[in-house]
Each structure stands twice: as structure tokens, then as C-alpha cells.
Amino acid sequence: MNHWLMKTEPDELGIDDFAHEPQRDFMWDGVRNYQARNFMRSMQPGDHVVLYHSSCKHIGTAGIVKVTRAAYADPEQFNPDSAYYDPKSSATEPRWDAVDLCFVDKFPRIIPLSELKTLSALADCALVRKGNRLSVMPLSANEYKAILATTNR
DNA sequence: GCCAACGTTGGC
DNA sequence: GCCAACGTTGGC
């Protein structure tokens, strides 16, 4: 089983949305970056994902969700009325993928970015590097463990 | 709101 | 294929 980290703006879809409907599968759509998409295509059902809240008041890791459906064509790319519409995408050759995620755990507190930056286990993780914009990234077992360990403080 | 860092686009 | 211009991300 692999581990991942995904960024989200909690105003759009945050850990509380997952926690309030713990049985629901949420479609994770709208990813429009090739590197992030390629990582999504590697996700398998059962993989755990650290949810990271960005562009908000409390920036940091917020909880765990899990993959319940592997990558499939993101329907928004075909919808001309969607902000995620991509006219260069076709049904036979879709460019963008979505996955389904559901709730696993909400951390007792948001672990702030400033604290994540102090963890030596995360020194090589794209998340804490300056200027990083990658919204979906793999986590090594050690990185995942280090993030979970912060919740025990 | 500012702005640095980054990815993408498009002219050449 | 290069690279300047542009739009976006995302912390502060």
C-alpha cells in the first residue's frame, strides 16, 4: 500500500467535509497538472492520503482519507460550463483523471506547516520546499509515519 | 494584497 | 527547441 499527500483548500473540500459524511465517496476532480495527474494514476484503492489544507487560515496537515476508486476520467473536463473544462480533451483520449476518496481520520489538531518544516524526516519532501506547487505527491513510509507521529504530541 | 516560484503557452 | 510572457499557486 502506498501513501500520498493531497492539497486542498478547505473552503472547497476539507477534512470536515469528509468527517461529516464518513461513508461517502468524494470525487476528487479538477487536478490540471500533469505531474499530479500521473501520481493519481498510480493510486490504488486502499491507499492512504494525508489531507493538507492550503490557502487558508490554518495551513497544515488535517487528517487522513483513503482511495476508494482508482483513477478514471474526470467528467469536468468534458463539461463546457465547468471551470475545469478542457476543450483539448476527448472521450476517447481524456487528459485528466479523478479518484474517489473517503474519510479515515481527522487529526486532533491541524499540524502547521511551520512544524512540518522542522521534521527531519520531511526534509526531502516536496511539501516543505520553497516554491513547491505540486498538489499531489507520494510519501515514503517514513514520511507518512513522521506526519502521523506529530498528532501524538 | 503582495509577490516569488513555478508550469504552460505560443511566437519565432 | 528556445525562451519570454503569462497565469496560477500558495505562503506570508
Side-chain angles (χ1 to χ4, degrees), chain A residues 2-20 26-43 47-67 70-140 142-151 153:
Chain A
N2 291 311
H3 298 112
W4 309 91
L5 182 142
M6 298 176 100
K7 295 179 183 174
T8 185
E9 299 189 12
D11 292 346
E12 300 291 327
L13 179 59
I15 195 67
D16 287 333
D17 298 297
F18 285 94
H20 287 151
F26 287 82
M27 181 173 68
W28 195 278
D29 58 8
V31 171
R32 295 294 179 270
N33 169 285
Y34 289 105
Q35 204 181 349
R37 180 207 65 184
N38 292 341
F39 285 134
M40 286 171 74
R41 287 183 173 174
S42 300
M43 291 180 175
D47 285 359
H48 280 199
V49 179
V50 174
L51 208 63
Y52 175 85
H53 287 180
S54 70
S55 300
C56 58
K57 182 160 186 184
H58 298 294
I59 296 165
T61 47
I64 306 292
V65 296
K66 72 179 174 194
V67 178
Y72 56 99
D74 177 351
E76 292 302 295
Q77 69 193 309
F78 307 124
N79 175 8
D81 297 325
S82 169
Y84 298 124
Y85 177 60
D86 186 343
K88 293 176 181 167
S89 211
S90 69
T92 49
E93 270 190 81
R95 286 187 160 196
W96 306 112
D97 283 22
V99 295
D100 285 356
L101 303 172
C102 84
F103 180 69
V104 174
D105 190 30
K106 177 183 172 178
F107 293 162
R109 66 187 175 102
I110 304 277
I111 315 304
L113 179 59
S114 58
E115 183 173 336
L116 298 171
K117 284 178 173 173
T118 68
L119 303 179
S120 56
L122 293 186
D124 292 330
C125 182
L127 180 68
V128 300
R129 289 208 293 266
K130 186 180 181 184
N132 169 64
R133 297 171 54 179
L134 189 59
S135 61
V136 179
M137 67 188 77
L139 294 174
S140 70
N142 268 349
E143 289 166 342
Y144 183 73
K145 208 163 61 176
I147 290 171
L148 287 192
T150 60
T151 65
R153 292 182 188 173

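Reminder, nothing fancy here: chain letters follow the sequence lines and each chain counts from 1. Since we're looking at a predicted model, the values are computed, not measured.
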Asks: So, is A:Tyr52 near the phosphate of C:dT9, with a side-chain N or O under 4.0 Å from OP1 or OP2?
Replies: no

Asks: Would you say the side-chain atoms of A:Tyr72 and A:Asp100 include a donor-acceptor pair closer than 3.5 Å?
Replies: yes

Asks: So, A:Asp86 and A:Trp96: side-chain donor and acceptor under 3.5 Å apart, yes or no?
Replies: yes

Asks: Could you check how far CG of A:Leu5 sits from P of C:dG10, rounded to whole Å?
Replies: 11 Å

Asks: May I ask you to say what A:Ser55 touches in the nucleic acid, namely base, sugar-phosphate or nothing, with a heavy-atom cut-off under 4.0 Å?
Replies: base

Asks: What is the separation between atom CG on A:Leu134 and atom P on B:dT8, rounded to the nearest whole Å?
Replies: 11 Å

Asks: I need the CD-C1' distance between A:Glu115 and C:dG11, as an integer number of Å.
Replies: 17 Å

Asks: Grab the CG-P distance between A:Leu116 and C:dC12 for me, whole Å please.
Replies: 11 Å

Asks: Counting heavy atoms from C-beta on, name the nucleotide in B:dG10, C:dG11, C:dG10 closest to the side chain of A:Lys88.
Replies: B:dG10

Asks: Once you apply a heavy-atom cut-off of 4.0 Å, does A:Lys57 come out as touching a base, just sugar-phosphate, or nothing?
Replies: nothing

Asks: Please tell me which of the listed nucleotides, B:dG7, C:dG10, C:dC12, lies nearest to the side chain of A:Gln35?
Replies: B:dG7

Asks: Centre-to-centre under 6.0 Å for A:Phe26 and A:Phe18, is that the case here?
Replies: yes

Asks: Ignoring the backbone of A:Leu113, work out which of C:dC12, B:dG7, B:dT9 is nearest its side chain.
Replies: C:dC12

Asks: Check the angle between the aromatic planes of A:His3 and A:His48 and answer parallel, tilted or perpendicular using the 30° and 60° thresholds.
Replies: perpendicular

Asks: State which of C:dC12, B:dT8, B:dA4 makes the closest approach to the side chain of A:Lys130.
Replies: B:dA4

Asks: For A:Asn38 and B:dG7, what is the distance between atoms CG and P respectively, to the nearest whole Å?
Replies: 13 Å

Asks: Rounded to the nearest angstrom, tell me the gap between atom CG in A:Asn132 and atom P in C:dT9.
Replies: 13 Å

Asks: Output the rounded distance in Å from NZ (A:Lys117) to C1' (C:dG11).
Replies: 7 Å

Asks: Which value, rounded to the nearest 0.5 Å, describes the distance between A:Ile147 atom CD1 and A:Leu116 atom CG?
Replies: 6.5 Å

Asks: Between C:dT8 atom P and A:Glu12 atom CD, what is the distance in whole Å?
Replies: 15 Å

